[in-house]
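Following: one structure in C-alpha cells, then a few remarks.
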Amino acid sequence: MTTTGDTPPAVTTVDTGDGASSLPGEFATFTGPFVRATIHGARESPKAIHAQLATGEGVILRGEFRYVDAVYRYCQRFDRELVPSDYFAAIEDQRERRAAFTRERRQRLHRLLVEAHDHCLPNLSDAPAYDGLTDWFDLRPPAGPYLIPYRRLQRILTDMERAREGIAMEPIGSSLAIRPHVYVPTDQSVPAMYVRYAALIDGRDVLDMGTGTGVLAVLAAKLGARSVVATDISPEAVANARENVERAGLQDVVQVRDAAPLFDATPGEAFDVVMFNVPWLDGEPQTRYDVARYDPGFRTLGAFLDGCPARLRPGGVALVQLSDIARADGGDPVGLLQARAAQAGLQVASTEAIQRRSRTAGGQETVFVFELRPAASGA
Ligand SMILES: C[S@@+](CC[C@H](N)C(=O)[O-])C[C@H]1O[C@@H](n2cnc3c(N)ncnc32)[C@H](O)[C@@H]1O
C-alpha cells in the first residue's frame, strides 16, 4: 500500500464503450481486475443493472444520486446472486471456496461505478455535499476524469457528513470529531463494552493502544483513570485523538503520543491497564483507513500480545477487543487470539460479548472484550 498523498496513483484503464477512463489504484483494489464497463442511466431497472454486474464487468451509472443509491441497495441486497454458485467449484477446500466467493461478490459490487472529474461528480445530480471529497482519498486522483466505485463514494460521503457534524458518543457523554483516514466508532455499544471494566480502570494508569479518534482514551479518563497514555501508528489518528481530548477538556489526564507502532511510543513504561481495540480482519490494508481494520496474518495482534506482559504492572490487565467477523472469510480470529495470548503467557480472566450486524460484511458478528492477565499472576 502507498500511503503518501504525493505519489501519483497507479491507475487501471477501463474501456467504457464511450472511450477509456481510469480507475485509481486505491479503488481498483476494491473492484479487482476487470476491463470493461458500460454506461447506464440510474433510472434503468435495478434488476437489469444487477444482471450486468453479474457478468463481472463494470457498470457506470449516471443520473440522480438517489436513483444510483437505490440501484446500489438492490445490488447489495442480492449480492450473493452476483456470482454463480458454482463459480469456484474447482476449489476443493470449503473454507477457501467460501472465501473466494465472498471476495468475488464484494469485488463485483464495487464495480458499480460513478464518474468523477478532479473534485467534481459531473454526471451525478443532487449528490449530498461533497466539498473536500478528495481529502478522503488515499492518493491524489488523476487529472481529468476517473471512476469511483459507488460503494466507496457512499462510505466517504457518510464519513464526510459525520465529520461535519461530529458523532454523538453517549458512553463519553459528548460528541467526537472525526478526521479523514481515522476509524469511526459508529456503534456506541462497542466502546461502551469497556464501561463494564470501570472498576479495573478507576484510579489506574491506562494505555490506550491504537487510539483512533481517542474514544477509548477519553472514556477511560471519564471512568476515573488516574492517567491515560494514547498511542496510534497513524498520524491522522494522533491528531484526531488530540482534538477529541481537548474537546473533552481532558488534556491533564490524557496524553496522546506522536505516531508510532505498538509499544514504540512507550519505551520502558508499564501500566495497570492496557486497552486495544485491534484491527479485526486478516488481510493487507488497501487504504490508510484500512490500517484500522486489517492486520495481515494478525501479526500486529501477535506482537501486541507478546509485548503485553512486560508492559503490565503486577496485577495489571490487558483489555483486548476483537470481533469474529473474519469468520466470514474462513478465519478463526477468536481461537487465534486465545492461542496467541497463551503463547505470550497471558490467560483469559473474563470475556464480554455483544452481537450486532456487521457494518463491513453485512452479516451477524460477535464483538468480544477479553480480559487478559499474565498467567503466573492468576486471574
Ligand atoms: C479498530 S481501530 C480502533 C480505534 C479506537 N480505539 C476505537 O475503538 O474506535 C484500530 C486502531 O489501531 C491502530 N493501529 C493499527 N495497527 C497499529 C500498530 N501496529 N500500532 C499502533 N496502532 C495501530 C489503527 O490506526 C486504528 O486507529
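Quick note: numbers below take in every heavy atom, side chains included, and nothing from hydrogens, waters or symmetry partners. We number each residue from 1, following the sequence as shown.
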Going by atom types alone, do Ser323 and Glu365 pair a side-chain donor with an acceptor below 3.5 Å?
yes
Between His110 and Phe30, how do the two ring planes meet: parallel, tilted or perpendicular, split at 30° and 60°?
tilted
If only side-chain N and O atoms count, and only distance matters, is there a donor-acceptor pair under 3.5 Å linking Asp205 with Ser227?
yes
Have Glu64 and Ser125 got a donor and an acceptor in their side chains that come within less than 3.5 Å?
no
With Leu223, which of Ile201, Asp202, Val218, Val228 fulfils side-chain contact (heavy atoms from CB on, under 4.5 Å)?
Ile201
Stepwise, does the side chain to side chain contact (heavy atoms under 4.5 Å, CB included) test hold for Val254 with Asp208?
CA-CA 10 Å; Val254 185; Asp208 177 27; over 6 Å; no
Show the numbers, then the answer: is there a side chain to side chain contact (heavy atoms under 4.5 Å, CB included) between Tyr194 and Leu216?
CA-CA 8 Å; Tyr194 284 93; Leu216 297 182; 3.6 Å; yes
Does the pair Asp93 and Arg97 meet the rule for a side chain to side chain contact (heavy atoms under 4.5 Å, CB included), with working shown?
CA-CA 6 Å; Asp93 182 81; Arg97 194 166 59 242; over 6 Å; no
Determine, stepwise, if the pair Tyr87 / Glu104 fulfils side chain to side chain contact (heavy atoms under 4.5 Å, CB included).
CA-CA 10 Å; Tyr87 197 66; Glu104 182 71 22; 3.9 Å; yes
Between Phe27 and Tyr146, is the ring centroid distance below 6.0 Å?
no
Shared hydrophobic cluster, Phe78 / Leu109 (ILVMFWY, side-chain heavy atoms < 4.5 Å)
no
Applying the salt bridge (Lys or Arg N to Asp or Glu O under 4.0 Å) criterion to Asp272, which one of Arg204, Arg313, Arg373 satisfies it?
Arg313
Residue pair Asp69 / Tyr150, side-chain donor-acceptor N/O under 3.5 Å
yes
salt_bridge(Arg36, Asp15) N-O dist < 4.0 Å
no
